[in-house]
Protein chains: 2
Amino acid sequence: MLENHKLRMTKQRQVILEELRKVKTHPTADDMYQMLRKKMPKISLGTVYRNLEILSEANIIQKLDVGGTQKRFDGDTSIHSHVRCVDCGRVGDIDIKPNYNIEAEARKVTDFEIYRHRLEFTGLCPECHEKNIAVA
Amino acid sequence: MLENHKLRMTKQRQVILEELRKVKTHPTADDMYQMLRKKMPKISLGTVYRNLEILSEANIIQKLDVGGTQKRFDGDTSIHSHVRCVDCGRVGDIDIKPNYNIEAEARKVTDFEIYRHRLEFTGLCPECHEKNIAVA
DNA sequence: CCAGAAAATATAAATAATTACTACTTATAA
DNA sequence: TTATAAGTAGTAATTATTTATATTTTCTGG
């Protein structure tokens, strides 16, 4: 998996990949850093950023840009959509398969060369939804 | 339009709104700043940021979060999608009306409370597409 | 029209997220 | 095993945006 990319499997890279695959929370780089420090206290934030970037470049993980100020990462590279909680920023999966017809539609109304599309949802995560009900 | 929001119509705000409505380029805050300085050399970047935020808060303009590192703004508040050029970051309009059925679909497969969805395209703008062909 | 309170401004400094630099370390191929 | 290219920790720098503050401006009601 890494061989084809002239990537070396360092201890750090290995742990980063392992931890990311273990969770389904779509962590930010800093979330990852906090998680990883427990296993590997000397790891540096720069290393976390660099590896997340390299791994997503190699399509071994996914970099998500779902809004908000921080990028998030997903160990699941299958094509699926995401919901972002507008209150706390938490990101969840939405298993809806993309409708590629929409790209044909788009091509009709733009002079851009369309590569792909993304469907993103916003809303409230269960926890924030509960809180909001309590307040109302 | 502004009255209902206890917003004052300052010279700066007026020019910001005017300029944004004049263009169809989905400028970043800094793009706006550069444009505005020509008309109003003493305007400050902070004022640009503050007003774009306030105006989008009041739904007089739209703040776009279409990926990339900077937020963009749109004087057109109608609901439509966008394409972002993966090469130069330019953003174009895609006039496809959202399919609200997809939100019902999403509700079936998540415990998040779904508010809304966004359809975003990526690709190449005509200029970058030309350049790519030239190289290939 | 005019005073005064609330809102907005310019400038500068602060913050947040990410990237770059550097000297040292390590994985891997021959 | 050793050379070398890739990677690391630590720190500094950059980029985008927000905040603090002292001053100025808008706009309301007399």
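From a predicted model like this one, the values you see are computed outputs, not experimental measurements. Chain naming here is simple, since letters A, B, ... match the order of the sequence lines and numbering starts at 1 in each.
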Q. Could you state the CZ-P distance from A:Arg8 to D:dA5, rounded to the nearest angstrom?
A. 9 Å
Q: Give one of base, sugar-phosphate or nothing for B:Lys71, where a contact means two heavy atoms less than 4.0 Å apart.
A: sugar-phosphate
Q. Any side-chain N or O of A:Thr10 under 4.0 Å from OP1/OP2 of C:dT26?
A. no
Q) How many angstroms lie between CZ in B:Arg8 and CZ in B:Arg13, if you round to the nearest 0.5 Å? A) 9.5 Å
Q. Does a donor on one side chain and an acceptor on the other come within less than 3.5 Å for B:Ser78 and B:Asp76?
A. yes
Q. So does A:Lys108 pair up with A:Glu105, basic N to acidic O under 4.0 Å?
A. yes
Q.
Closer than 4.0 angstrom, basic N to acidic O: yes or no for B:Glu113 and B:Arg107?
A. no
Q | Residue B:Lys42, side-chain heavy atoms: nucleotide from C:dA17, C:dA8, C:dT11 that is nearest | A | C:dT11
Q: Rounded to the nearest angstrom, tell me the gap between atom CG in A:Asp30 and atom P in C:dA17.
A: 7 Å
Q) What nucleotide, of D:dG7, C:dA10, C:dA17, holds the atom closest to the side chain of B:Ser44? A) C:dA10
Q | Distance in angstrom units between B:Gln14 CD and D:dT25 P, rounded | A | 15 Å
Q: Using whole Å, report how far OH of B:Tyr33 lies from P of D:dT15.
A: 16 Å
Q.
If you go through the side-chain atoms of B:Arg13, does one of them form a donor-acceptor pair with the base of C:dA8 closer than 3.5 Å?
A. no
Q: Figure out the OH/C1' separation between A:Tyr49 and C:dA20, and round it to whole Å.
A: 14 Å
Q: Report yes if a side-chain nitrogen or oxygen of B:Gln12 is closer than 4.0 Å to either non-bridging phosphate oxygen (OP1 or OP2) of D:dT25; otherwise report no.
A: no
Q) Whole Å only: how far is the CE atom of A:Met9 from the C1' atom of C:dA29? A) 18 Å
Q) Taking for each residue the nucleotide of DNA chain D bearing the nearest heavy atom, is the 5' side occupied by B:Lys11 or by A:Thr47? A) A:Thr47
Q. Between C:dA20 atom C1' and A:Asn51 atom CG, what is the distance in whole Å?
A. 16 Å
Q: Select base, sugar-phosphate, or nothing to describe what B:Glu53 touches, counting heavy atoms under 4.0 Å on all strands.
A: nothing
Q. Nearest to the side chain of A:Arg50, which nucleotide is it out of C:dA10, D:dT17, D:dG7?
A. D:dG7
Q | Residue met sooner reading DNA chain D from 5', once B:Thr69 and A:Ile54 are mapped to nucleotides | A | A:Ile54
Q) Tell me: CD1 of B:Ile43 to P of C:dT9, nearest whole Å? A) 8 Å
Q.
Does this structure show an ion pair linking A:Arg84 with A:Glu120, if we count only N-O contacts that are shorter than 4.0 Å?
A. no
